[in-house]
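One structure is given below, represented as structure tokens, and several questions about it will come after.
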Amino acid sequence: MRTVYVNGDYLPENEATVSIFDRGFLMADGVYEVTSVLGGKLIDFAGHMARLERSLAELDMPKPAAFDELPEIHRELVRANGVGDGLVYLQITRGSDGDRDFVFPDAETTEPTLVLFTQSKPGLADNPAARTGLKVISIDDLRWGRRDIKTVQLLYPSMGKMMAKAAGADDAWMIEDGLVTEGTSNNAYIVKGNTIITRHLGTEILHGITRAAVLRFAAEAQMQVEERAFTLEEAKAADEAFVTSASAFVMPVVEIDGTAVGAGTPGPVATRLRDIYIEESRRAAV
Ligand code: PLP
């Protein structure tokens, strides 16, 4: 039985409750973050907190009173649940003033809802999928236009994972106007020659915290990086492909729509970046 955090209280998971009128439940009016834990320490924590603050600001959603205590709340949950490797999930919603209405409730009188829980994932950094690589399919990107905000509206990405599963693949890359936006829950990259190519930042993709770190490490290792949109055809003809996310780190992609990428096995660039990312992140973990 896990200890979870809800609105100021640490509780056993089966005693934690949120109102049925909560706007997160009724309207998907909420934002979230997922921070990985390795060796009991938080990975890229400052980045996740900075993006959380931005998501709240973009949606004009008030910060919960406990916002400044978030580092301590994360650490306490990791400690209370004995998490070695795993993750901390955090969600903030606009709360509820006790009824359903499209209009935002008065921020002066309505406290946002703050929920955190942990998931233990022993061996998170040693995922066997990193040795075989992922198979992805391409699907239309049917999400809303503000994908840079990390909202809990995850129905379409969830459907994308189901489409992948039905096709015998591991995940899906989303396509808009012939260009790859990103994976259902990760940023997408290809490697052509010596160049790493990943979509530029904008409202079309989530600004991955892992993406920012990986591009920094790539530059430090003198690798060439191009931040631009790429087509599905370019991806299929690339030497390598990979994805990044907080919980998967750097994960090679070896097949797109049944076409092998490069040699059809994890490539040297993805493998090297994965090693560097995990090593450097462990070093900087808090
Ligand atoms: N893109 C999408 C759509 C995501 O859902 C995620 C993570 O959940 C990412 C990219 C990767 O972001 P991060 O590296 O911050 O986990």
Side-chain angles (χ1 to χ4, degrees), residues 28 30-38 42-56 58 70 74 85-92 119 121 124-125 127 130 134 136-164 170-176 179-190 196 198-218 225 227 229-230 241-253 270 273-274 276-278 280-281 284-285:
V31 299
Y32 75 108
E33 282 297 330
V34 175
T35 304
S36 269
V37 178
L38 288 180
L42 301 162
I43 301 297
D44 275 337
F45 187 65
H48 288 287
M49 290 305 99
R51 184 173 61 190
L52 177 63
E53 204 163 351
R54 178 180 182 274
S55 293
L56 290 170
E58 291 296 311
L70 286 175
H74 277 75
D85 294 348
L87 51 90
V88 181
Y89 176 88
L90 171 160
Q91 180 168 330
I92 297 172
Q119 292 183 323
K121 294 186 183 290
L124 182 64
N127 189 339
L134 303 180
V136 304
I137 58 166
S138 62
I139 61 173
D140 288 340
D141 196 335
L142 300 182
R143 298 174 299 162
W144 79 323
R146 288 303 306 274
R147 303 158 193 159
D148 55 313
I149 309 172
K150 197 165 169 68
T151 77
V152 297
Q153 307 176 80
L154 296 177
L155 180 55
Y156 188 67
S158 198
M159 290 169 71
K161 297 252 190 219
M162 295 308 292
M163 289 182 239
D170 303 298
D171 204 350
W173 279 13
M174 294 180 281
I175 313 293
E176 189 170 57
L179 301 166
V180 175
T181 52
E182 58 189 332
T184 58
S185 62
N186 42 58
N187 289 115
Y189 306 71
I190 57 174
I196 299 164
T198 192
R199 193 173 177 115
H200 53 285
L201 297 181
T203 50
E204 300 83 10
I205 63 166
L206 186 72
H207 303 185
I209 301 305
T210 319
R211 175 188 182 281
V214 163
L215 293 188
R216 200 173 62 242
F217 296 140
V225 175
E227 293 183 62
F230 56 88
F242 62 95
V243 293
T244 64
S245 74
S247 54
F249 311 120
V250 179
M251 189 60 75
V253 168
L273 280 175
R274 180 180 174 83
I276 296 175
Y277 177 76
I278 292 173
E280 293 294 326
S281 305

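Just so it is clear, the structure is predicted and the values come from calculations on it, not from any experiment. Start at 1 and go down the list; that is how both ligands and their atoms are numbered. Heads up: numbering here begins at 1 and tracks the sequence.
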* To do: For Asp44, enumerate each residue passing the side-chain hydrogen bond (donor to acceptor under 3.5 Å, both in side chains) test, keeping only those at least two apart in sequence or located in another chain.
  =>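 Applying side-chain hydrogen bond (donor to acceptor under 3.5 Å, both in side chains) to Asp44 gives Tyr277.
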* **Given Glu176, Gln153, Glu182, the one that forms side-chain hydrogen bond (donor to acceptor under 3.5 Å, both in side chains) with Arg147** =>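 The passing option is Glu176.
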* **Phe230: ring pair (Phe, Tyr, Trp, His ring centres under 6.0 Å) partners, not counting sequence neighbours** =>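 Testing Phe230 for ring pair (Phe, Tyr, Trp, His ring centres under 6.0 Å), a comparison that skips the adjacent residues, returns none.
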* Mind jotting down which residue pairs meet the salt bridge (Lys or Arg N to Asp or Glu O under 4.0 Å) criterion with at least one end in residues 203-217? Sequence neighbours excluded, please. =>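 Non-adjacent pairs meeting salt bridge (Lys or Arg N to Asp or Glu O under 4.0 Å): Arg211-Glu227.
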* Asked: Is the closest side-chain donor-acceptor distance between Lys121 and Ser36 under 3.5 Å?
  ->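 Absent: no donor and acceptor within the cut-off.
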* To do: Show the numbers, then the answer: is there a side-chain contact (heavy atoms from CB on, under 4.5 Å) between Asn186 and Met251?
  => CA-CA 10 Å; Asn186 42 58; Met251 189 60 75; over 6 Å; no
* Taking only heavy atoms of the protein into account, state which residues are under 4.0 angstrom from an atom of ligand 1, in chain and number order. =>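 Contacts of ligand 1 under 4.0 Å: Tyr32, His48, Arg51, Arg143, Lys150, Glu182, Gly183, Thr184, Ser185, Asn186, Asn187, Leu206, Gly208, Ile209, Thr210, Thr244, Ser245, Ala246.
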